[in-house]
Amino acid sequence: MSVTHPDIDYANKAVLAPMVRIGTLPMRLVALDYGADLVWSEELVDKRIIGSVRSYNPATSTINYTKGKSLTFSTHPAEKGKVILQLGTADADLALKAALTLKEDVAAVDVNCGCPKKFSVQGGMGAALLSNPDKLREILTKLVQHSGMPVTCKIRLLDTKEKTLDLVRMIASTGVKALTVHCRTKEQRSTEKPNWEALKDIVQVVKSITDIPVIVNGDVFQWSDVERAKQITNADSVMIARGAQWNPSAFRKEGLLPFETVVRTYIKKAIDVDNLFQNTKYVLLSMNTEDTSHTRSELYTNVQRSKSMLRICELFDLVDYYNDTVAKHKLILDQAEETADDGKREREEADSAVSVEPVEKKQKTD
């Protein structure tokens, strides 16, 4: 694809972090509605993306990429120009193929260099790239030079300041448009305090090489944390992860909305885009989990036991919304199928007329 994407302004932004199974379409749309400037997709592995087939659903207005019977990626016009593909990869050629597969429908590509989970690291992806800078340079350089999209990456701190700064110097020299730093090492978990202070030296090194924004990630939970994080770290922008998972209204400058309000908003969005029930349920069970009284509540238990989207809607008084939306979707799909059938018949009739015409002319000549 020869189209080149415009650059994205990553400065002075509050963005949704890439979160496995959380950062699917409904969560991204809700985060944008609540004020997120940009949204990262959940990590998608290059081999999963390559070979996916693009289609349009007129009922939900979504563009869906599927591989076999599995959904790879789904997007909606509401996030056009704002959704960043987070790519899991350990191979420059595969990374490029994957990025080009989704290029038409994502604004940029971000290389995952920070995920410490086994499924990423054992494949040489995620945090494994932190200790393989030559491979990371190759991947970033190929994407920058050949994808026609803005390219960024997300890293963690290394064991020493010197190693971290050496890695940052290399990354900044590849032509990436922004760098996100999760201020923990790959061994540290979310229960440990992030080292915001370490980001000051990183920002200084980056700015000495290129004027790209640096985004801080780690314990930015809501809007009230944003300015404090930027002042302590000198970062240009902030990325919110667990705070948005617990309550996506974390992006509201006015403050958090009640869980009941936010969860109903999320469920409606999931119904609108016909999100997979299993994924919707997983996200719902991940929301508000910092509140132990919620996770011990009867409501939480009932969500755990739910077997269908309709049951979820019963729990949150959204049955009418669910039924109305499902009926609307069915009507639109039936109309689209009827239009397609009419078009098929017209083409068949036209083809038939063309094939008969020479025979009739020959008979007249004889």
Side-chain angles (χ1 to χ4, degrees), residues 7-19 22-23 28 31-32 35-43 81-87 106-115 126-127 129-130 136 140 143-144 149-158 164-165 167-186 190 194-245 248 250-251:
D7 282 345
I8 295 174
D9 182 6
Y10 291 96
N12 196 29
K13 299 292 190 292
V15 305
L16 178 69
M19 292 181 282
I22 301 291
R28 300 197 305 267
L32 287 169
D37 296 298
L38 298 168
V39 289
W40 266 239
S41 76
E42 71 277 28
E43 180 193 21
K82 297 179 179 180
V83 59
I84 315 298
L85 162 66
Q86 214 218 19
L87 183 61
V106 296
V109 57
D110 177 82
V111 177
N112 179 2
C113 314
C115 181
L129 289 171
L130 296 175
L136 178 55
L140 293 175
L143 287 170
V144 167
M149 288 189 285
V151 178
T152 64
C153 71
K154 182 173 183 286
I155 67 170
R156 284 180 175 244
L157 301 175
L158 277 72
T164 301
L165 295 182
L167 181 71
V168 166
R169 289 187 187 94
M170 181 277 290
I171 292 171
S173 70
T174 63
V176 295
K177 299 298 184 182
L179 171 66
T180 302
V181 182
H182 184 165
C183 295
R184 294 183 176 94
T185 66
K186 65 181 180 180
S190 58
N195 184 3
W196 282 3
E197 291 287 343
L199 200 59
K200 286 184 177 179
D201 289 329
I202 293 174
V203 171
Q204 186 175 4
V205 166
V206 169
K207 301 301 183 182
S208 71
I209 299 171
T210 179
D211 189 27
I212 62 170
V214 177
I215 305 170
V216 57
N217 174 222
D219 282 12
V220 181
F221 294 111
Q222 55 185 295
W223 187 261
S224 59
D225 297 324
V226 169
E227 286 307 315
R228 184 170 64 92
K230 290 168 69 174
Q231 288 173 4
I232 292 174
T233 64
N234 291 335
D236 300 272
S237 297
V238 301
M239 176 176 279
I240 304 180
R242 283 179 298 150
Q245 170 190 314
F251 294 97

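This structure is a prediction, so every number in the text was calculated from the model and none was measured.
Contact check for Ile240 versus Val15: no side-chain heavy atoms found under the 4.5 Å cut-off. In this structure, Ile209 and Arg169 have side chains that are in contact, with non-hydrogen atoms separated by less than 4.5 Å. Looking at heavy atoms from C-beta onward, Lys177 lies in side-chain contact with Asp7 at the 4.5 angstrom threshold. Between Asp110 and Lys154 the shortest side-chain heavy-atom distance falls below 4.5 Å. Side-chain contact between Ile155 and His182 is absent, with no heavy-atom pair separated by less than 4.5 Å. Residues Leu136 and Met170 form a side-chain contact, since some pair of their non-hydrogen atoms from C-beta on lies under 4.5 Å apart. Counting only heavy atoms from C-beta outward, the side chains of Leu179 and Val206 approach each other to under 4.5 Å. Looking at Val238 and Ile215, their side chains never come closer than 4.5 Å, going by heavy atoms from C-beta outward.
Annotation: the span from Tyr10 atom OH to Asp37 atom CG amounts to 12.5 Å, rounded to 0.5 Å. Remark: Cys115 SG to Leu130 CG distance equals 11.0 Å, nearest 0.5 Å. For the atom pair Gln204 CD and Leu199 CG, the distance stands at 11.5 Å (nearest 0.5 Å). Taking NZ from Lys82 and CD1 from Ile8, the interatomic distance works out to 11.0 Å, rounded to the nearest 0.5 Å. Note: Glu227 CD to Gln231 CD = 6.0 Å, rounded to the nearest 0.5 Å. Taken from CG in Leu129 to CG in Asn112, the straight-line distance is 8.0 Å, to the nearest 0.5 Å.
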ask   = Taking it one step at a time, do Val151 and Leu140 satisfy side-chain contact (heavy atoms from CB on, under 4.5 Å)?
value = CA-CA 7 Å; Val151 178; Leu140 293 175; 4.2 Å; yes
inquiry  = Using the rule given for side-chain contact (heavy atoms from CB on, under 4.5 Å), can you reason through Val106 versus Ile84, listing the C-alpha separation, both sets of side-chain angles and the distance that settles it, and then say yes or no?
reply    = CA-CA 6 Å; Val106 296; Ile84 315 298; over 6 Å; no
request  = Apply side-chain contact (heavy atoms from CB on, under 4.5 Å) to the pair Glu42 and Ile22, showing each step before the final yes or no.
outcome  = CA-CA 7 Å; Glu42 71 277 28; Ile22 301 291; over 6 Å; no
ask   = Given Asp225 and Gln222, is the side-chain contact (heavy atoms from CB on, under 4.5 Å) satisfied, shown in steps?
value = CA-CA 6 Å; Asp225 297 324; Gln222 55 185 295; 3.9 Å; yes
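Within the 3.5 Å criterion, the main-chain N or O of Arg228 finds no donor-acceptor partner in the side chain of Lys230. Side chain of Trp196 to backbone of Val216: no donor-acceptor contact under 3.5 angstrom is found. In this structure, Arg28 contributes its side chain and Gly23 its backbone to a donor-acceptor pair below 3.5 Å.
Counting heavy atoms of neighbouring residues, nucleotides and ligands inside a 6.0 Å radius, atom CG of Asn12 does not exceed 12 of them.
Minimum heavy-atom separation, Ile171 to Thr174: O-OG1, 2.7 Å. Taking all atoms of both residues into account, the shortest heavy-atom contact from Pro150 to Ala108 is O-CB, 3.3 Å. Closest of all the heavy-atom pairs between Thr152 and Val176 is CA-CB, 4.3 Å. Heavy-atom minimum distance, Ala31 versus Phe251: CB-CE1, 3.9 Å. Annotation for Pro18 and Ser41: closest pair CB-O, 3.2 Å, computed over non-hydrogen atoms. Minimum heavy-atom separation, Asn217 to Met239: ND2-O, 3.4 Å.
The side chain to side chain contact (heavy atoms under 4.5 Å, CB included) with Val181 is formed by just one residue from the set Thr233, Thr164, Leu157; it is Leu157.
Using a 4.0 Å cut-off between charged side-chain N and carboxylate O, Arg184 and Asp219 make a salt bridge.
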